[in-house]
Amino acid sequence: MKMRKGITLHNQLRDGFDAITINSGTVFHKEQQTEEVNYQGMRFTPLYEEFAYVTKRDWRPLKAQEIKTIQANGNRKDYNTVFVGDIPPHLRALFEELDLANSKNRAEVLDKFGADPNKTMKVSQAMEEFLTPLANGKPFHFHCIGVNLPNIEMVACDTTRLPANFQEQDKRFMGIHNDGTQFMTLHTTYKFGNRISINLGKETRYFFFVNLTMIQALNMLKKKIDVKKHDVNIYNVPRHFFKHFPNYPVIKIRQEPYQYYIAPTDNCFHDGSTLGNSSLDVTIVYFGAFQC
């Protein structure tokens, strides 16, 4: 299925569009074999939520017309653009001093932040200096340190419904999805800004996104089903969209260590991946309305 003009990509990666690939769409999770995780004594096959869809694995380089379709122009806004690039060298050096990339688990990552408050304060101050010009005078805030196991094809999951002592194999991964809360609808997701996520691990990770806004996805669905009758909303729109448009392509961005993506994750389908990796995945995430 041909891509429509929608969310665009402002690409400042060293490798340019060589770091970007595209596939032929998505597939219901039970119809594609899930890769096993084998890490630090844990060995299991990840499980998915009931209606999850995952990306097909037929990745290829973008054609010239596809690059033209997703390449950002001067109309770069927080709600309609994905931005990718490298963090400044001095900020990278401060993160490297914390040695997060060699951590073996989440507890070790967090311990390293607490072990040297002076280094952590320097990192925090440098992040503020890096993000302030990107925020365009709007507020932003720290969201989380993300930690994922290696060889997870789609890393997003909702742990709020799990007990406090949950194990990794208890997780149910969401598949490609949109973020959202009870405070927004499919018509208002564009008002809620975006996120920046920086890869602090030692291996390349991947960011997937579909270049459609939530309103575009909803309007496409309206031509297939009665969206009011099916009560299509912020929570169930992925299952409906990918059921009816399994051949709409997904963009895959290679995110090397100390590279970032900025994306309107409330306003587009997306996910991250550590498939093929063998070491812990570590990210730092801030919320705001960033542009660059």
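For the single chain, residues carry numbers from 1 onward in sequence order. Side-chain atoms are counted along with the backbone in the values below, which use heavy atoms only and exclude waters and symmetry mates. Since we're looking at a predicted model, the values are computed, not measured.
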>> Treating T188 as the side-chain partner and M184 as the backbone partner, does any N or O pair qualify as donor plus acceptor under 3.5 Å?
In response: no
>> Checking F28 now: which residues fulfil side chain to side chain contact (heavy atoms under 4.5 Å, CB included) with it, not counting sequence neighbours?
In response: K30, E31, Y53
> Testing F241, Y248, F242 for ring-ring contact (aromatic ring centres under 6.0 Å, His included) with F245, which one passes?
Replying inline: F241
> Yes or no on side-chain contact (heavy atoms from CB on, under 4.5 Å) for N23 and R60, after CA distance, side-chain angles and deciding distance?
Replying inline: CA-CA 6 Å; N23 74 352; R60 61 166 176 81; over 6 Å; no
> Please, which pairs that meet side-chain hydrogen bond (donor to acceptor under 3.5 Å, both in side chains) have at least one residue in residues 145-158, sequence neighbours excluded?
Replying inline: R57-E153, N148-D281, D158-T160, D158-R161
>> Restricting to non-hydrogen atoms, name the atom on T283 and the atom on S197 that form the minimum distance, rounded to 0.1 Å.
In response: CB-OG, 3.7 Å
> Which heavy-atom pair separates Y286 from F290 by the least distance, and what is that distance?
Replying inline: O-CE1, 3.8 Å
> Taking only residues at least two apart or on different chains, which pairs with a member in residues 89-98 satisfy side-chain hydrogen bond (donor to acceptor under 3.5 Å, both in side chains)?
Replying inline: R92-E96
> Looking at M174 and A52, what are the two nearest heavy atoms and their distance?
Replying inline: O-CB, 3.4 Å
> Hey, what do you get for CG (L62) to CD1 (I22), rounding to the nearest 0.5 Å?
Replying inline: 5.0 Å
>> Can you see whether K202 engages N102 through a side-chain donor-acceptor pair at a distance of less than 3.5 angstrom?
In response: yes
>> Tell me whether D86 contacts the main-chain N or O of L13 through its side chain, where contact means a donor paired with an acceptor under 3.5 Å.
In response: no
> Do side-chain atoms of S103 reach the backbone of L100 as a donor and acceptor pair under 3.5 angstrom?
Replying inline: yes
> R195 and T265: side-chain donor and acceptor closer than 3.5 Å?
Replying inline: yes
> Got T81 and L9 here, is their nearest side-chain heavy-atom distance under 4.5 Å?
Replying inline: no
> Hey, does the side chain of Y190 reach the backbone of M214 with a donor-acceptor pair shorter than 3.5 angstrom?
Replying inline: no
> Quick one: do the N267 and T213 side chains pair a donor with an acceptor below 3.5 Å?
Replying inline: no
>> Quiz question: by atom type and distance under 3.5 Å, do the side chains of N247 and K2 form a donor-acceptor pair?
In response: no
> Strictly under 6.0 Å, is that where the ring centroids of Y206 and W59 end up?
Replying inline: no
>> Same cluster or not: I234 versus F192, using hydrophobic residues (I, L, V, M, F, W, Y) connected whenever any side-chain heavy atoms lie under 4.5 Å apart?
In response: yes
> How far does OG1 of T26 sit from CE of M154, to the nearest 0.5 angstrom?
Replying inline: 8.5 Å
> So how far is it from T55 OG1 to I251 CD1, rounded to the nearest 0.5 Å?
Replying inline: 12.0 Å
> Taking the side chain from T120 and the backbone from F113, do they hold a donor-acceptor pair closer than 3.5 Å?
Replying inline: yes
>> Apply side-chain contact (heavy atoms from CB on, under 4.5 Å) to residues M127 and L91 and explain how you reach the verdict.
In response: CA-CA 7 Å; M127 281 295 301; L91 180 56; 3.6 Å; yes
> Applying the 4.5 Å side-chain criterion to the ILVMFWY set and letting contacts propagate, would I176 and L47 be lumped into a single cluster?
Replying inline: no
>> Would you say M220 ends up clustered with V250 if hydrophobic residues are merged whenever their side chains have heavy atoms under 4.5 Å apart, either directly or through other cluster members?
In response: yes
> Does the ring center of F287 lie less than 6.0 Å from the ring center of H143?
Replying inline: yes
>> For a quick test of reading the model, state the closest non-hydrogen atom pair linking K104 to L280 and the distance between them.
In response: C-CD2, 3.8 Å
>> The criterion is salt bridge (Lys or Arg N to Asp or Glu O under 4.0 Å); which residues satisfy it with R43, sequence neighbours excluded?
In response: E36
>> Please say yes or no: joined through hydrophobic side-chain contacts below 4.5 Å, possibly via intermediate residues, are F140 and Y79 part of one cluster?
In response: no
> Do you know which two heavy atoms are closest between V227 and L218, and how far apart they sit?
Replying inline: CG1-CD1, 4.0 Å
>> Checking side-chain polar atoms at under 3.5 Å, does T189 have a donor or acceptor matched by the opposite partner on D266?
In response: no
> Atom CD1 in I215, atom CG in L186: separation rounded to 0.5 Å?
Replying inline: 8.5 Å
> Heavy-atom distance under 4.5 Å between the side chains of V147 and I145, does that happen here?
Replying inline: yes
> Which heavy atom in E49 sits nearest to a heavy atom in R172, and how many Å separate them?
Replying inline: CG-O, 3.7 Å
> Taking it one step at a time, do E108 and R106 satisfy salt bridge (charged side-chain N to carboxylate O under 4.0 Å, His left out)?
Replying inline: CA-CA 5 Å; E108 190 174 333; R106 180 178 183 81; over 6 Å; no
>> Run the side chain to side chain donor-acceptor pair (under 3.5 Å) test on N199 and Q259 for me, step by step, so that the C-alpha distance in whole Å, both residues' side-chain angles and the decisive distance to 0.1 Å come before the verdict.
In response: CA-CA 6 Å; N199 181 5; Q259 291 180 336; over 6 Å; no
> What's the spacing between C268 SG and D179 CG if we round to 0.5 Å?
Replying inline: 8.5 Å
> Would you call K68 and E66 a salt bridge, taking side-chain N to carboxylate O under 4.0 Å as the test?
Replying inline: no
> After noting the C-alpha distance and the side-chain angles of L149 and M42, does the key distance pass the side-chain contact (heavy atoms from CB on, under 4.5 Å) rule?
Replying inline: CA-CA 10 Å; L149 294 183; M42 291 180 285; 3.8 Å; yes
> In Å, rounded to the nearest 0.5 Å, how long is the span from CD1 of I67 to CG of N11?
Replying inline: 9.0 Å
>> Tell me whether Q167 contacts the main-chain N or O of N165 through its side chain, where contact means a donor paired with an acceptor under 3.5 Å.
In response: yes
>> What I want to check is whether the side chains of R205 and Q255 have a donor and an acceptor closer together than 3.5 Å.
In response: yes
> Is N233 reaching over with its side chain to a backbone N or O of D231, donor-acceptor style, under 3.5 angstrom?
Replying inline: yes
> Can Y260 and I262 be said to form a side-chain contact (heavy atoms from CB on, under 4.5 Å), step by step?
Replying inline: CA-CA 7 Å; Y260 66 82; I262 299 171; 3.9 Å; yes
> Is the backbone N or O of Q216 less than 3.5 Å from a side-chain atom of N219, with the two atoms forming a donor-acceptor pair by type?
Replying inline: no
>> Strictly by ring-ring contact (aromatic ring centres under 6.0 Å, His included), give each pair with a member in residues 146-184 just once, sequence neighbours left out.
In response: H177-H270
> When clusters are formed by joining ILVMFWY residues with side-chain heavy atoms under 4.5 Å apart, either directly or through shared neighbours, do F130 and V282 land in the same one?
Replying inline: yes
> Counting N and O atoms only, with roles assigned by atom type, does the side chain of D116 sit under 3.5 Å from a partner on the main chain of L98, one being a donor and the other an acceptor?
Replying inline: no
>> Any side-chain to backbone donor/acceptor pair from D226 onto K229? Under 3.5 Å, distance only.
In response: yes
> Residues in side chain to side chain contact (heavy atoms under 4.5 Å, CB included) with P133, at least two apart?
Replying inline: none
